[in-house]
J.: 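Structure provided below as structure tokens; questions to follow.
For the single chain, residues carry numbers from 1 onward in sequence order. Quick caveat: nothing in here was measured; it's all calculated off a predicted structure.
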Amino acid sequence: MKRLLLTLLLPIACEQEVSPARGTVELVDITSRTGLVFKTTCGSQPSTQIVEVNGPGVAMLDHDSDGDLDVFIANGATMDSPETGPGCRLFRNELTETGTLRFIDATQDAGISITRWTTSATATDIDADGDADLYVTCIGPDILLRNDGGSFVDITNEAGVDVPNWSTGAAPGDADDDGDLDLYITRYVDWDFNSPPVPPVTFKGEQVIAGPTGLRPLPDILLLNDGNGVFTKVPAIKARASYSLNAVMLDADNDGQIEILVGNDGMANHLLELEDGIWRDVAHERGFATNMAGAEQATMGMAIGDVDGDGNADVFTSNFSSDTNTLLVQEDGYFVDRTNLYAIGGPSRARLGWTSRFIDLDHDGDEDLLTLNGHVYPNASPSTMDSSYRQSPLLLLREGNRFIPYHEASGWLAEARLDRAAAFGDLDSDGDLDIITVELHGPVRVIENRAHHPDRRGVVRSISDMPGSKCGSGNHAAWHLPTADFQGCSAPQQHWTEPRR
């Protein structure tokens, strides 16, 4: 079977003996000394329209093939000038050249001139030439940048990927099993900057921003790579048009067939399987559509892991405030809500979650859960909505069959912000995962992972050992493929990880 797919190893599924001792968790904001100085734009503050709350995106990639990870910021614009915003930015990592983690703005040198309102970025090797290209989703036609030796060329029109209106993310993978990377594009609502919605909407008795409920959802689009630089839009998707925010393509149940998992905002999630040439939604049949109460949740982010070590994908979703985040564990091919079993629900009720990630932050051999948070309603407060507007990240440490809130949080982990997206990768080549975060109307931050474990140095390979096809990061999700048997190309917010041996 011919596949252009990636194989990953995670600590949970590794056969090596792991020390039971727990190391320290130390995530330090080192932005000021790295030179990565940038403040994002997403409309204006306070937000009055739904386009102003979802925030920008971020991707890590080695754009110049020098062996370290660079950073691309998908930036927004303003309501009165959605096509001519401050623009996206590419920051080049100078670690290889200077020995110091420091970034310089390489946007112009790399030929990037995107000023449209963008929402996410995915770095992946579309043309299979060994370097990372960039697919940038937008409110307006999406953009595909081909990497030619460190400089980018806009090939949107010739590639046929100018997906219109409001896209929120792009998930790469080999959907048609022909050996190249295709793209699944999630789309949100039918949006017109000239006539934004104005109906009064209330939440917990407070007047709030309109949408997405009441607005027309857009159908997602599957772009099939023809292998010659051109993509074909696939209409044969039998799924209800929904408010889609994130997706991942992967062989979730190890049956040799790619599935597409789609997280929707306030609507049932999708699980698409290919049957007789048509992608059909089987989420209800497989238990992926809702939580165990049958509630359709606001899936703002997803993370893929293997919490029970059986080699199949389990899915964590971050959701709206006054609801719980959800853990769906695969059992005999079906997803079962194990939120309560793993004690995940309670700590998340007062938070509105976005990017989430299974990541071993205490280096004890199992994966913890990190979720970025921040509300969408500027008038949110504990007294009005049981939830603050600005919120700190939520770190849950894995201890046996439970996830325990990390109560020793300080610094970056304890600060309340409007975080939205994040990318994970080894920026300083010290063997652990660092983080780039983007805040709504706030600074991009460089978070250094200084975790120490007496028996375990880190969990990532050198960038030089990474597969040629790299997936990057988008707006609201982080995919982590759990075992060596897992096949698929992970989408937003991460790089490849495996245990140190």
Side-chain angles (χ1 to χ4, degrees), residues 42 50-51 53-61 72-76 88 114 116-124 126 133-145 161-173 175 181-189 191 212 217-223 231 237 239 241-250 259-267 269-272 298-304 315 317-318 353-357 372 420-424 438 470-480 488-494:
C42 190
I50 192 171
V51 295
V53 303
N54 282 14
V58 56
M60 285 189 194
L61 68 158
F72 179 83
I73 307 299
N75 197 26
C88 298
I114 301 173
R116 181 176 301 147
W117 194 316
T118 66
T119 60
S120 81
T122 297
T124 190
I126 289 297
D133 310 301
L134 280 166
Y135 189 95
V136 184
T137 60
C138 307
I139 305 177
D142 291 348
I143 298 168
L144 177 58
L145 300 178
V161 299
D162 52 340
V163 176
N165 214 308
W166 187 349
S167 301
T168 55
L181 286 176
D182 311 302
L183 291 164
Y184 186 88
I185 311 302
T186 54
R187 301 204 297 161
Y188 201 49
V189 302
W191 184 262
L218 296 171
D220 295 344
I221 292 175
L222 177 59
L223 299 173
F231 288 79
I237 300 177
S242 301
Y243 308 124
S244 301
L245 285 176
N246 41 76
V248 61
M249 273 199 265
L250 75 170
E259 288 89 30
I260 305 174
L261 310 182
V262 185
N264 297 320
D265 185 0
M267 303 178 76
N269 293 331
H270 298 325
L271 196 168
L272 303 177
T299 306
M300 320 298 280
M302 289 196 295
I304 307 297
V315 182
T317 68
S318 55
W354 296 89
T355 296
S356 297
R357 171 68 190 255
L372 301 187
R420 290 300 188 260
F424 298 81
V438 291
K470 307 177 186 71
C471 295
S473 64
N475 204 6
H476 306 124
W479 320 128
H480 210 180
C489 184
S490 79
Q493 273 104 341
Q494 74 160 40

J.: Within the 3.5 Å criterion, strictly below it, is a donor on Thr119 or Thr168 matched to an acceptor on the partner's side chain?
T.: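 There is no such pair (donor and acceptor under 3.5 Å, judged by atom type) between the side chains of Thr119 and Thr168.
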J.: Any heavy-atom pair between the side chains of Trp117 and Cys42 that's under 4.5 Å?
T.: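 Yes, close enough: below the 4.5 Å cut-off.
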J.: Without swapping roles, check the side chain of Asp182 against the backbone of Ala175 for a donor-acceptor pair under 3.5 Å.
T.: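 It does hold such a pair.
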J.: Side chains of Leu222 and Tyr184: does their closest heavy-atom pair fall under 4.5 Å?
T.: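 Leu222 vs Tyr184: side chains touch.
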J.: Would you say that Trp166 contacts Asn54 through its side chain, given a criterion of any heavy-atom pair below 4.5 Å between the two side chains?
T.: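 Yes; the side chains approach each other to less than 4.5 Å.
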J.: When you compare the side chain of Met300 with that of Asp265, does any pair of heavy atoms fall below 4.5 Å?
T.: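 Counting from C-beta outward, Asp265 and Met300 do come under 4.5 Å.
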J.: Give a yes or no answer on whether the side chain of Thr137 reaches the backbone of Asp142 with a donor-acceptor pair at less than 3.5 Å.
T.: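 Side chain of Thr137 to backbone of Asp142, a donor-acceptor pair under 3.5 Å: no, none is there.
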J.: Report the residue from Asn269, Leu271, Leu261 that forms a side-chain contact (heavy atoms from CB on, under 4.5 Å) with Val315.
T.: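 Among the candidates, only Leu261 passes.
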J.: So, does Asn165 use its side chain to make a donor-acceptor pair with the main chain of Trp191 at under 3.5 Å?
T.: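 Side chain of Asn165 to backbone of Trp191: a pair is present.
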J.: Tell me every residue that passes side chain to side chain contact (heavy atoms under 4.5 Å, CB included) with Pro164, counting only those two or more places apart in sequence or in another chain.
T.: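 Residues passing side chain to side chain contact (heavy atoms under 4.5 Å, CB included) with Pro164: Arg187.
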J.: Is there side-chain contact between Pro172 and Thr122, with at least one heavy-atom pair below 4.5 Å?
T.: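 Contact flag for Pro172/Thr122 side chains = yes.
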J.: Nearest 0.5 Å, please: how far is CG in Leu245 from OH in Tyr188?
T.: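 Rounded to the nearest 0.5 Å, the OH-CG separation comes out at 5.0 Å.
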J.: Going by heavy atoms in the side chains, are Val163 and Leu223 under 4.5 Å from each other?
T.: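 The answer is yes, as the side chains (C-beta and beyond) meet within the 4.5 Å cut-off.
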J.: So, does Ser318 use its side chain to make a donor-acceptor pair with the main chain of Gly301 at under 3.5 Å?
T.: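 Yes; at least one donor-acceptor contact below 3.5 Å.
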J.: Any side-chain heavy-atom pair from Thr299 and Thr317 closer than 4.5 angstrom?
T.: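 Yes, at least one pair of side-chain atoms sits under 4.5 Å.
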